[in-house]
Amino acid sequence: VTFVTTRVFLIGAELSRGGNYIAQSFYHTMIEMPKMFVWYIWLLFVPWKLSYIHTIEKGFETYMAPYTHFESILSKSFFNADILSSIIILAAILVFIIIWRRKWPLITLSVLWFFISMLPVSYLIPVGPALSERYLYLSSIGFVILVCFLFTRLWKYVRWRTLIIVFILGLVIFYGARTYLRNFDW
């Protein structure tokens, strides 16, 4: 609510200008967004195929250009396998945090942090490219909280400590190398 109010009244953005929605369609934008949220989650765990322009569908990239093929998006429906599976994955995550919110509140916090910080770029109001890795900067804090929580839970088991240290070093090397390689793009 605060985001929409600020955007409309202070910045002067129009809510009715549907021109920047994916394929100029609010409906198709909303059915594509769960797939993009799952893609963001995937990028946190496996930061591969990083790019400043992602292909959402064949012939349709995150930045709409004159050569963009809207029919690849407009032919989609709620019942397409990729969209339906993304909705099921997100629903499963939601059910998990509802069921386990009292037992593992830190996991609930990390998941909610991710999704709440992604709300401003969930394309309810078009804000730029539909899918961009930079949107993960703030949301990745939730991911870091989750990973740290899991490591501290496993640290209690003495026999796992060596494996945990090796795994953490592997993660630092892996994410550090990906960050180093990504810097050449800029």
Side-chain angles (χ1 to χ4, degrees), residues 1-15 17-26 28-70 72-73 76 82-83 86-87 89-90 93-94 97 107 109-150 170-186:
V1 174
T2 305
F3 172 74
V4 172
T5 305
T6 303
R7 186 154 170 86
V8 171
F9 293 111
L10 295 180
I11 301 174
E14 300 175 23
L15 287 175
R17 71 160 189 198
N20 288 337
Y21 287 113
I22 299 173
Q24 315 297 340
S25 167
F26 179 77
H28 287 95
T29 300
M30 291 303 110
I31 65 171
E32 284 290 323
M33 287 314 291
K35 188 170 74 170
M36 290 184 215
F37 272 81
V38 170
W39 180 251
Y40 284 130
I41 294 168
W42 176 256
L43 280 178
L44 287 173
F45 285 98
V46 185
W48 222 254
K49 289 181 149 182
L50 300 177
S51 174
Y52 57 92
I53 298 178
H54 290 279
T55 301
I56 298 173
E57 290 295 330
K58 185 175 180 175
F60 193 93
E61 296 171 342
T62 53
Y63 289 97
M64 288 185 279
Y67 57 83
T68 299
H69 301 286
F70 288 157
S72 64
I73 296 289
K76 291 280 194 169
D82 57 344
I83 293 172
S86 298
I87 291 171
I89 290 169
L90 295 175
I93 292 170
L94 179 66
I97 65 167
I107 291 178
L109 170 71
S110 66
V111 171
L112 288 177
W113 182 286
F114 174 81
F115 286 109
I116 290 172
S117 63
M118 291 298 289
L119 275 178
V121 293
S122 65
Y123 244 63
L124 293 171
I125 300 171
V127 292
L131 179 70
S132 184
E133 294 161 12
R134 64 184 172 165
Y135 298 156
L136 282 174
Y137 293 154
L138 183 59
S139 303
S140 64
I141 293 171
F143 175 71
V144 170
I145 292 170
L146 177 66
V147 170
C148 290
F149 171 76
L150 294 175
L171 280 179
V172 168
I173 291 169
F174 173 71
Y175 284 115
R178 292 302 299 157
T179 302
Y180 177 77
L181 292 172
R182 188 75 170 123
N183 284 325
F184 291 111
D185 292 342
W186 305 107

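In this text the structure is predicted, and so the values were computed from the model without any measurement.
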Practice item. Taking all non-hydrogen atoms of both residues into account, name the closest pair between L119 and S122 and its distance. Key: O-OG, 2.8 Å

Check your understanding: Which atoms form the tightest heavy-atom contact between W113 and S139, and what is the distance?
Key -> CD1-O, 4.0 Å

Exercise for review: Write down the atom of F37, the atom of M118, and the distance for their closest heavy-atom approach.
Suggested key: CE2-CB, 3.4 Å

Practice item. For side-chain contact (heavy atoms from CB on, under 4.5 Å), just list the numbers for L90 and F115, CA-CA rounded to whole Å, side-chain angles, deciding distance to a tenth of an Å, and then say yes or no. Key: CA-CA 10 Å; L90 295 175; F115 286 109; 3.7 Å; yes

Check your understanding: Roughly how far, to the nearest 0.5 Å, is the CG atom of L109 from the CD1 atom of I141?
Key -> 10.5 Å

Exercise for review: Report yes if the side chains of E32 and M36 come closer than 4.5 Å at any heavy-atom pair, otherwise no.
Suggested key: yes

Review point. Just how far is it from atom CG of L112 to atom CG of L94, taken to the nearest 0.5 Å?
Key: 8.5 Å

Practice item. Kindly give the heavy-atom pair with the smallest separation between K76 and H28, and that separation in Å. Key: O-NE2, 3.4 Å

Revision key, fill the gap. When every non-hydrogen atom of P34 is compared with those of I31, the smallest separation belongs to CD-O, 3.5 Å

Point to revise | Side-chain donor or acceptor of Y135 paired with backbone N/O of P129 under 3.5 Å | key: yes

Study note, to complete from the structure: Rounded to the nearest 0.5 angstrom, the CG-OG distance for L146 and S140 is 12.0 Å

Practice item. Using a cut-off of 6.0 Å, state whether more than 12 heavy atoms not belonging to W39 lie near its atom CH2. Key: yes

Review point. Is the closest side-chain heavy-atom distance between P47 and F174 below 4.5 Å?
Key: yes

Check your understanding: Do I41 and I89 touch side chain to side chain, with heavy atoms closer than 4.5 Å?
Key -> no

Practice item. Flag the pair L44 / F114 as yes when at least one side-chain heavy-atom distance between them is below 4.5 Å, and no otherwise. Key: yes

Practice item. Looking only at non-hydrogen atoms, find the nearest pair between S132 and Y40 and report the distance. Key: N-OH, 3.1 Å

Point to revise | From I87 atom CD1 to D82 atom CG, the distance as rounded to the nearest 0.5 Å | key: 10.0 Å

Practice item. Using modelled atom types only, decide if a donor and an acceptor are shared between the side chain of Y21 and the backbone of L124 within a distance under 3.5 Å. Key: yes

